[in-house]
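A short write-up of the structure that comes next.
Numbering starts at 1 and runs along the sequence shown.
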Amino acid sequence: MTDKLAIHGGPKAVTADTAEQWQPPVEEQKRAICDLIDQQYLSGAGAGVGKEFEDRFGAYVGAKYCLSTDHGSNAIMAGLFAVGVGPGDEVIVPDLGYIGSYTGVIHLGARPVFCDVDPRTGLTDPADVEKRITAKTKAILPIHLNGYVCDMDGLFRLREKYGLAIVHDAAHAHPAGWDGVKVGALADVACFSMQGADPFGKPVPAGEGGINTTNNREYYERILIFCHLHRTGIAEELTNPQYRMLGNQGLGLKWRAHPFTMALGLISMDSVEYRNERRLHYREQLYDALRDVPGVRLPESYPKAQDGGFYGGLRMFYAAEQLGGLSSDKYMKALQAEGVPVTRYRDQPEHMRPLIQRGFDLYGGGRGPILPGTYSYKKGDFPVTEALVGGQLMRLPAYVEPADGVIEQIVAGYKKVAEGYESLL
Ligand SMILES: *Cc1c(COP(=O)(O)O)cnc(C)c1O
């Protein structure tokens, strides 16, 4: 006989402190920022703290080239520009996604085309991507969502077969890799965000910022000219004569990171591996304990994937059929009443957002890549994504240092609800 569910007035399963115990080194951060103020080094790139960060991050992911930007979404737009996305092109992006992932597609005059995700993983499904490829497709933009790595063998096959580029949205996945190679060193360009603060920011957080990495010299130079106006050394860096003649102005956009971001980013780099290892260990413990609990379906990882980063939390799928069809709303409320810090990823699939459904006259006068009438997507077109964002996809905090007893108590909360679900129907 288990205790009465907390939602019916019983005792809570989770009584431990569910707050993250790990804290960022705030005093060190203050010192680093104050040092820059003392030096009045408040602008600049290609030298000093910015170059130090880029060299360190590039070495960390094993990429030949690394450039920082002011935001992750701008890093993605720069990555798309690098591989030659332009007006009239199509870029395939997951419907279980995020606007910052494909906004650069639109502003380059190209069109995002959505694809569904693999039901086993909730990640960009290469089989569905292939169905969406047309003569206009230029690139695939997979998202390693929450740090879970997409099926890169499947995507690389499509890259070869159709001559496409891959621009990774790795905003959640700085430490992640595929078959021993970090995402930042996989073809063609990887894009990262530094948004937020530890411990719940992006995996290398620094307030606001972004990063591009690539092993391709041409792509690197295209990113330099696209958005690195007046970067120290840029004119000497450029080897392509067409780019070199632009001098240190490039194409005029200035999307570099602030030195404060770079200083904070360096401090985040000191703990990125520690935080990732702890999170991996915690995920293993949690998943092992939840594997056979009715109602929980754990996401699979591809055999060559080295998941990492875990921005947004650890994922699990709700299997309502195992609990008599109990709604995901009631299930989550019962878990939360037990003190389980679960949240449901309930949102619209990207194809149902007003921007896509209604289209937008981007430049006025009936011009632009996503004019009204461009898309004919409707509800039901992306069944896997729609089921996941409709309530199946849930997340728990990806703790670095959980308080004593938290894991056991969270698991007890899940078991309690699984045993007492009939009282919720
Ligand atoms: C955070 C994020 C971005 C963009 O990063 P910003 O630095 O906020 O511009 C892109 N894609 C995903 C999936 C993100 O979570």
| said: Just to verify, what does Tyr219 make a ring pair (Phe, Tyr, Trp, His ring centres under 6.0 Å) with, not counting sequence neighbours? | reply: none
| When you look at Lys254 and Arg231, which way does the side chain to side chain contact (heavy atoms under 4.5 Å, CB included) test go after all the steps? | CA-CA 9 Å; Lys254 191 185 187 190; Arg231 179 184 166 92; over 6 Å; no
| said: Taking the side chain as everything from C-beta on, heavy atoms only, tell me whether His174 gets closer than 4.5 Å to Val61. | reply: no
| query | Taking the six-membered ring for Trp, are the ring centroids of His351 and Tyr375 within less than 6.0 Å of each other? | reply | no
| task | Scan side-chain atoms only and decide if Asp118 and Tyr302 contain a donor-acceptor pair under the 3.5 Å cut-off. | result | yes
| Distance-only donor-acceptor check, side chains His71 and Ser193, under 3.5 Å | no
| said: Would you say the ring centers of Tyr421 and Tyr331 fall short of 6.0 Å from each other? | reply: no
| query | When you check the side-chain N and O atoms of Asn74 and Thr69, is any donor under 3.5 Å from an acceptor? | reply | no
| Are the side chain of Thr385 and the backbone of Phe382 linked by a donor-acceptor contact shorter than 3.5 Å? | no
| field | Lys182 to Tyr60, cation-pi by 6.0 Å centre distance and 45° axis angle | value | yes
| query | Does the Asn212 side chain pair with the main chain of Ala75, one donor and one acceptor, at a distance under 3.5 Å? | reply | yes
| said: Whether Asp307 and Arg279 form a salt bridge (side-chain N of Lys/Arg under 4.0 Å from carboxylate O of Asp/Glu) is what I want to check. | reply: no
| Rounded distance [0.5 Å steps], CD in Glu90 versus CD1 in Ile140 | 12.5 Å
| query | Between the side chain of Asp55 and the main-chain N/O of Glu52, is any donor-acceptor distance below 3.5 Å? | reply | no
| field | Residues Glu27, Lys30: salt bridge by 4.0 Å N-O rule | value | yes
| Between Thr103 (side chain) and Gly100 (backbone), is there a donor-acceptor pair under 3.5 Å? | no
| said: Keeping Asp116 on the side-chain end and Val384 on the backbone end, is there a donor-acceptor pair under 3.5 Å? | reply: yes
| task | Over 60° means perpendicular and under 30° means parallel, so classify the ring planes of Tyr220 and Tyr65, tilted if in between. | result | parallel
| said: Determine whether the aromatic ring centres of residues Trp22 and Tyr399 are separated by less than 6.0 angstrom. | reply: no
| query | Between Lys51 and Glu54, is the closest basic N to carboxylate O distance under 4.0 Å? | reply | no
| query | Would you call Leu42 and Phe260 a side-chain contact if the rule is heavy atoms closer than 4.5 Å? | reply | yes
| said: Test your reading of the model: is there a side-chain donor-acceptor pair from Gln195 to the backbone of Gly209, 3.5 Å cut-off? | reply: no
| message | A side-chain contact here means heavy atoms from C-beta on lying under 4.5 Å apart; do Met77 and Phe81 qualify? | response | no
| task | Over 60° means perpendicular and under 30° means parallel, so classify the ring planes of Tyr311 and His172, tilted if in between. | result | tilted
| query | Does any N or O in the side chain of Thr261 come within less than 3.5 Å of the main-chain N or O of Glu208, such that one atom is a donor and the other an acceptor? | reply | yes
| query | So, Asp188 and Arg159, do they make that salt bridge, N to O below 4.0 Å? | reply | yes
| said: Ser328: which residues meet the side-chain contact (heavy atoms from CB on, under 4.5 Å) condition with it, sequence neighbours left out? | reply: Tyr318, Arg344, Met394
| message | Within the structure provided, determine whether Trp255 and His228 are in side-chain contact (heavy-atom separation under 4.5 Å). | response | no
| Any chance the rings of His144 and His168 have centres within less than 6.0 Å? | yes
| message | Using a strict threshold of under 4.0 Å (side-chain N to carboxylate O), is an ion pair present between Arg31 and Asp35? | response | no
| Identified side chain to side chain donor-acceptor pair (under 3.5 Å) partner of Glu338 from the options Lys12, Lys416, Lys415 | Lys416
| request: Taking Ser271 for its side chain and Tyr274 for its backbone only, find out whether a donor-acceptor pair lies under 3.5 Å. | output: no
| task | Report yes if some heavy atom in the side chain of Leu67 is under 4.5 Å from a heavy atom in the side chain of Ile211; otherwise report no. | result | no
| task | Show your working on side chain to side chain contact (heavy atoms under 4.5 Å, CB included) between Val189 and Asn216 and close with a plain yes or no. | result | CA-CA 8 Å; Val189 181; Asn216 182 303; over 6 Å; no
| said: Do Tyr345 and Arg395 make a side-chain contact, defined as non-hydrogen atoms from C-beta onward lying under 4.5 Å apart? | reply: yes
| request: Using a strict 4.0 Å threshold on nitrogen-to-oxygen distance, state whether Arg157 and Asp153 make a salt bridge. | output: no
| said: So Pro203 and Pro175, do their side chains get closer than 4.5 Å, heavy atoms only? | reply: yes
| said: Treating Gln409 as the side-chain partner and Ala16 as the backbone partner, does any N or O pair qualify as donor plus acceptor under 3.5 Å? | reply: yes
| request: Could you check Arg56 against Asp270 for salt bridge (Lys or Arg N to Asp or Glu O under 4.0 Å), going step by step and ending with a plain yes or no? | output: CA-CA 10 Å; Arg56 183 155 172 203; Asp270 289 341; 2.8 Å; yes
| request: Would you indicate whether the side-chain heavy atoms of Val91 and Val113 approach each other to under 4.5 Å? | output: no
| note | salt bridge (charged side-chain N to carboxylate O under 4.0 Å, His left out) pairs touching residues 212-230, sequence neighbours excluded, are Arg217-Glu221, Arg217-Glu237
| task | Using the ring of Tyr148 (Phe, Tyr or Trp, six-membered ring only), decide whether Arg315 places NZ or CZ under 6.0 Å from its centre and within 45 degrees of its axis. | result | yes
| field | Ser268 and Arg275 side chains, donor-acceptor separation under 3.5 Å | value | no
| task | Indicate, with yes or no, if the rings of Tyr102 and Phe114 have centres closer together than 6.0 Å. | result | yes
